2 protein chains.
Amino acid sequence: MKISNKLKSVGLKVTPQRRVVYEVMQKICHGSIDEIIGIVRSQNPDITISTIYRIMDSFCQAGLLSKFVGNNGKVIYDITVKEHHHIFTSGEEIIDIEDEWLSEIIREHVLLKIPENEAIDRISVYISTKNKENGKEKIDIDKRSSDSG
Amino acid sequence: MKISNKLKSVGLKVTPQRRVVYEVMQKICHGSIDEIIGIVRSQNPDITISTIYRIMDSFCQAGLLSKFVGNNGKVIYDITVKEHHHIFTSGEEIIDIEDEWLSEIIREHVLLKIPENEAIDRISVYISTKNKENGKEKIDIDKRSSDSG
DNA sequence: GTGTCTGCAAAGAATTTGCAAAGAC
DNA sequence: GTCTTTGCAAATTCTTTGCAGACAC
């Protein structure tokens with residue numbers, strides 16, 4: 001779908017700034033606000049930071065984007081709206097897992113732990129991976145064998 | 001274990017401020033920095049915010065606490081250090097799921113999606129629940145006075 | 001007594017807001 | 001023409017930092 005139609009379809013007016021931001025999101029799929037600001041402004045330096053913040057908000061409100069909190073605690077905006085899971089690699093890459101069966105397995109597995117009057121709303125799985133090579137050399141940090149001196 | 005011994009066992013000096021913070025964490029198990037600041041200062045208003053930030057950091061570094069990013073994007077400090085999962089209820093309650101089998105099932109299930117040179121480091125499952133009753137909107141409680149339950 | 005921890009206040013970073021002009025429809 | 005969006009700069013919020021005195025050991 002053309003971007004302008006995509007925007008209109010969720011009730012948003014089409015502006016050049018919104019076009020650029022959505023184009024960038026289509027390209028990168030996931031990104032933190034810093035990354036998005038960087039890429040957007042590399043394409044159009046006239047777009048201000050506050051405008052980008054506002055656009056990200058309106059896109060999320062309109063259901064055009066979703067967001068979640070990444071490994072590092074930063075909010076990640078995501079072009080995929082439907083429920084899915086994520087792998088965070090050591091190279092800061094984010095891989096989507098769209099697997100309804102996985103959600104279903106988890107749902108069944110934890111059902112007994114849900115309070116009586118509550119129902120599962122959303123399940124998110126975050127998987128962090130590390131590099132195998134570096135993993136071999138991983139050392140226990142903070143291993144204090146004796147007092148300082 | 002006595003708090004002072006707990007602190008000493010990880011190489012931290014025992015101060016009144018650290019005692020209070022650890023006591024609070026033992027009581028609440030999970031909390032955001034705001035909540036922790038609030039409770040700590042209700043018990044001892046002389047403890048400053050910057051000190052509490054520094055104590056939370058040193059506790060995490062020492063392996064006394066873990067932290068993760070909650071539903072709302074805020075960092076949650078957690079008295080449980082070993083890998084586990086969480087349910088976030090509509091009432092802002094956080095329930096721990098310590099279930100190694102669940103982690104194992106997920107691990108096996110996603111193995112094929114992990115890049116060649118990467119290995120799974122950590123798996124976190126976040127489950128949000130909503131109130132069954134409040135499917136539509138919140139109801140005024142005093143419409144009919146009834147006993148709690 | 002020595003080295004670490006705390007309180008204070010200020011700095012720094014990240015995000016939001018008010019307002020007037022520009023722009024979309 | 002009307003209502004929304006944008007740019008700008010200031011405000012706000014959250015967290016960190018430097019330093020001097022207090023404190024733990």
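These numbers come from a predicted model, not from an experiment. A, B, ... follow the sequence lines: proteins, then strands. Residue 1 opens every chain.
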*Asks:* Enumerate donor-acceptor pairs with a distance under 3.5 Å from any side-chain N or O in residues 89-98 of chain A to protein atoms, sequence neighbours excluded.
*Replies:*
residue, atom, partner, partner atom, Å
Thr89(A), OG1, Gly91(A), N, 3.2
Thr89(A), OG1, Glu93(A), N, 3.1
Ser90(A), OG, Glu118(B), OE1, 3.2
Ser90(A), OG, Glu118(B), OE2, 2.5
Asp96(A), OD1, His30(A), NE2, 2.8
Asp96(A), OD1, His84(A), NE2, 3.2
Asp96(A), OD1, His86(A), NE2, 3.2
Asp96(A), OD2, His30(A), NE2, 3.3

*Asks:* Got a sec, which hydrophobics cluster with Ile105(A), joining ILVMFWY side chains under 4.5 Å apart, including via others?
*Replies:* Trp101(A), Trp101(B), Ile105(B)
*Asks:* Could you check how far CD of Gln17(B) sits from C1' of dC5(C), rounded to whole Å?
*Replies:* 8 Å
*Asks:* Quick check on contacts: within residues 22-45 of chain A, what sits under 4.0 Å from DNA chain C by heavy-atom distance?
*Replies:* Ile33(A)
*Asks:* Listing request: all salt bridge (charged side-chain N to carboxylate O under 4.0 Å, His left out) pairs with a residue in residues 59-88 of chain A, at least two apart in sequence or in separate chains.
*Replies:*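 Matches after skipping sequence neighbours: Asp34(A)-Lys74(A), Lys82(A)-Glu100(A).
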*Asks:* For Ile39(A) versus Ser42(A), what's the shortest heavy-atom pair and its separation?
*Replies:*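 Closest heavy-atom pair between Ile39(A) and Ser42(A): O-OG, 2.7 Å.
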*Asks:* Could you give the distance from CG (Leu64(A)) to CG (Leu7(A)), rounded to the nearest 0.5 Å?
*Replies:* 6.0 Å
*Asks:* Quick one: salt bridge (Lys or Arg N to Asp or Glu O under 4.0 Å) partners of Lys8(A), sequence neighbours excluded?
*Replies:* none
*Asks:* Please enumerate all residues that pass side-chain hydrogen bond (donor to acceptor under 3.5 Å, both in side chains) together with Ser50(B), with sequence neighbours excluded.
*Replies:* none
*Asks:* Ile55(B) has an atom CD1; how far is it from atom C1' of dC5(C), in whole Å?
*Replies:* 9 Å
*Asks:* If you count the non-hydrogen atoms of other residues, nucleotides and ligands that lie under 6.0 Å from CZ in Arg107(A), is the total more than 12?
*Replies:* yes
*Asks:* Between the two ends of the helix from dG1(C)-dC25(D) to dC25(C)-dG1(D), what is the bend in degrees, rounded to 10 degrees, where each end axis spans five pairs?
*Replies:*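 If I round to tens, the end axes sit 40° apart.
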*Asks:* Enumerate the protein-to-nucleotides 22-25 of chain D contacts in which both atoms are nitrogen or oxygen and the separation is below 3.5 Å.
*Replies:*
residue, atom, partner, partner atom, Å
dA24(D), O3', Val14(B), O, 3.3
dC25(D), OP1, Val14(B), N, 2.9

*Asks:* Could you identify which residues of residues 65-72 of chain A place a heavy atom less than 4.0 Å from some atom of DNA chain D, listed by residue number, or say none?
*Replies:*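 Going residue by residue through residues 65-72 of chain A, none turns out to have a heavy atom under 4.0 Å of DNA chain D.
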*Asks:* Working to the nearest 0.5 angstrom, can you tell me the gap between Met25(A) CE and Tyr77(A) OH?
*Replies:* 9.0 Å
*Asks:* Can you list the residues that meet the ring-ring contact (aromatic ring centres under 6.0 Å, His included) rule with Tyr126(A), with sequence neighbours excluded?
*Replies:*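 Counting only residues at least two positions away or on another chain, Tyr126(A) forms a ring-ring contact (aromatic ring centres under 6.0 Å, His included) with Phe88(A), Tyr126(B).
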*Asks:* To the closest 0.5 Å, what do you measure between CD1 (Ile33(B)) and CD1 (Ile49(B))?
*Replies:* 9.0 Å
*Asks:* What distance do Ile87(A) atom CD1 and Lys113(B) atom NZ have between them, rounded to the nearest 0.5 Å?
*Replies:* 7.5 Å
*Asks:* Could you check if a side-chain atom of Val110(A) sits within less than 4.5 angstrom of a side-chain atom of Ile123(A), using non-hydrogen atoms only?
*Replies:* no
*Asks:* Going by the rule side-chain hydrogen bond (donor to acceptor under 3.5 Å, both in side chains), which residues pair with Ser32(A) if we only count those two or more places apart in sequence or in a different chain?
*Replies:*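 Applying side-chain hydrogen bond (donor to acceptor under 3.5 Å, both in side chains) to Ser32(A) gives none.
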*Asks:* When the distance from NZ of Lys74(A) to P of dA13(C) is rounded to whole Å, what number comes out?
*Replies:*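 Result: 13 Å.
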*Asks:* Whether Thr48(B) contacts dG7(C) is assessed here as follows: a side-chain N or O lying under 4.0 Å from the phosphate OP1 or OP2. Is that the case?
*Replies:* yes
*Asks:* Please report the interatomic distance CD1(Ile55(B)) to CD(Gln17(B)), rounded to the nearest 0.5 Å.
*Replies:*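 That separation rounds to 6.0 Å.
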*Asks:* When the distance from CD1 of Ile52(B) to P of dT15(D) is rounded to whole Å, what number comes out?
*Replies:*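 Interatomic distance, CD1 of Ile52(B) to P of dT15(D): 12 Å.
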*Asks:* Identify the pairs formed between an N or O of the protein and an N or O of nucleotides 16-18 of chain C at a distance under 3.5 Å, and give each distance.
*Replies:*
none

